[in-house]
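Read through the structure below, which is laid out as structure tokens, and then see the notes.
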Amino acid sequence: MGGAELAIKDLDFEAAAELESTVQFRLSGNADGAIVAQLTTLIDDLHRRIVADHLREVAVDIRGVEFMNASCFNVFVSWLNLINELPPENRYSLRFSINPGIPWQRRSLRTLSCFATDLVQVVD
Amino acid sequence: MPIAIPEELVQQFRAVALERLDRVETSWAAILGTLDESAAVLLHRELHTLKGESKMLGFSDVNLVCHKLEDMLEVARGRGYAVDEDFDLAVNMAIRFMGMLVRKKVGAQLSGIDLPGFIKQIDSILAELKPETKARTTTGPMQPLKLAAATLKVPPAVRDRLAPIAVDSFIEYAAARGLRRDRLRLSWHGLRDLIGIHRAVVGPGQLAKHKAGGEVLARELGKRVEIIFEVGTAEATAEVLGAIDTAVLHLVRNAIDHGIETPDERLKSGKSPVGVIRVHCGAQGDELVATVSDDGRGVSMDEVRARAIDMRLIAPSETDISERWFDIVCQPGFTTRSEASDVSGRGVGLDAVRVGILDVGGVVSATTTTGRGTAWKITIPVPRMTFEGYVVRAPSVPFPLVIDSTWKLTDAGDGAPVIDLGHRLGLSEDRLKDPARYFTRDGKTIGIVTDRQPQTASVRRLLITPDPAVAEVVVLEAVEGLLLHLDRLNV
């Protein structure tokens, strides 16, 4: 299954998801208020596809994200809520790859993992 | 044995709590965007109420996060809500975290939720931001913003020289990546905290507190006085608030001690036994104007003249001081009292008023009429704190650029100079010519390279630079950006 339609390409932010047997979701650039709506839509669509395909894990690669403001980060929190609302047997996990050279990534993802330690894994 | 709370009550709490959290989130965004004082009041009230309700209903985890969030908001308020994106993110996460806790079943295990870990994260942010701040001891309604007293005072001339350096520091920080960005963040934030605008609101809550103290003082002096506060809400800096606060304190005390007569004296003069002091404060255009007037005896020129001669401030030959009395009474150490009491007599009050107001660029004047009273007037220029601007995203510039909306977008820009800000700021080797959007004002047109349509947004000033600096730092929502003074650009 191609992921061409599950993508955002903005001036200085890009995100794209590829669904095969696992899901690769890569984000890069600067995520500010201008892309909140696009990111929300993208993740809603991605969530629906993951549930439909009974996938168990998403590899979320944010190593290329230089900046993400609170509104954008809240989209990740909402994503966790969507997963938590699923029946336990349908839930999937998020494995975030972060860049240790970008300190906010570690801080923020550590906080995000507190929302659902069973669903969020953070990998340097 | 714990008392079982009816499920109906718990469900009701959940619904109300989620509504409260919505309002908290909206209010937080409003505060960061426009320093909306009513939003700040609402936020603190909602959060404090939620804290109480959650405790009553057995949601101890919600109560704990509420308490931590109150701590964070206290820190934010102390910084005039000039917080960075990390802090904004932490506040938003705390609100969302509480939402999740509210939704979970009461008494249910915190499956997957790491509450201690979350609290630890908030504590680490607080520890970073307030290493020398004592823990909050009250959880009541908003206290006056008193940042000025805790802030190192930087003379205006030094501030003006440091401001362009701070702007450069911001650009370097905002364009840096990785560990270098974190290191430069400390430099930028250090300068920002030192010379940036510490916002504050001058309002009834900040000044009317002097009413009670004034009435107590009047009683102690055997006088009767009605103190009327007519105070509007105006945005200012913490330094201005501090100066106005000090001035009102001294002028009200001075009016009670020196101006207002005893009830017997007033009755003999045909006045009501109750003296009246009026404090008025509000924004008038680009100025903050405060007046403190009383209907007392007025300043005795004879007493002031005699004391001034004693203190060798004027020559005995100077018989008319009607043009000079104000300067005399504001001299350091000047007092008409022969002995100092715990109220007055040390000659500090009016001097403190004038120096404090001068320090923030303001002026003090006064008029007095024998038997009718004295009126003090304070006028302080206040820079415009928020305005509408065009937000422009330029290639290679990783932060928003803002053009003051006194400039207008125009399609008729052909032939006008075009600036590639990425190249101009040294963030890009290549110099682009297009696509550009054109801005025009007073017959001058300048193009800015951008491939996005500029958006309008409310912008808050964070670091003002004097002419000829071409940029200053502003905040849009919680994101810091650069305001460009196109009129100062050399194109």
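Numbered from 1 within each chain, the chains take letters A, B, ... in sequence-line order.
A distance of 9.0 Å separates CD in B:Q121 from OG in A:S108, rounded to the nearest 0.5 Å. The distance from atom CG of B:L89 to atom OG1 of A:T111, rounded to the nearest 0.5 Å, is 7.0 Å. Summarising the geometry, atom CZ belonging to A:R107 is positioned 12.0 Å from atom CE belonging to B:M93; distances are rounded to the nearest 0.5 Å. Atom CG in A:L112 sits 12.0 Å away from atom CG in B:D114 (nearest 0.5 Å). Distance CG/B:D88 to CG/A:N69: 7.5 Å, rounded to 0.5 Å.
Counting heavy-atom pairs closer than 4.5 Å to chain A, the top-ranked of the candidates B:M100, B:R452, B:R181, B:R393 is B:R452. Ranked by heavy-atom pairs shorter than 4.5 Å toward chain B, the options A:C72, A:S71, A:C114, A:A70 are led by A:C114.
Residues of residues 78-92 of chain A lying under 4.5 angstrom from chain B, judged on non-hydrogen atoms, are A:S78, A:N81 in numerical order.
The environment of B:Q453 atom CD is dense: over 12 non-hydrogen atoms of other residues, nucleotides or ligands sit within 6.0 angstrom.
Only the side chain of B:D86 comes within contact range of chain A, with at least one heavy atom under 4.5 Å from a heavy atom of that chain. The part of A:N30 that comes within reach of chain B is its side chain, from C-beta onward, which places non-hydrogen atoms under 4.5 angstrom from that chain.
Side-chain contact between B:F399 and A:F67 is absent, with no heavy atoms from C-beta onward closer than 4.5 Å.
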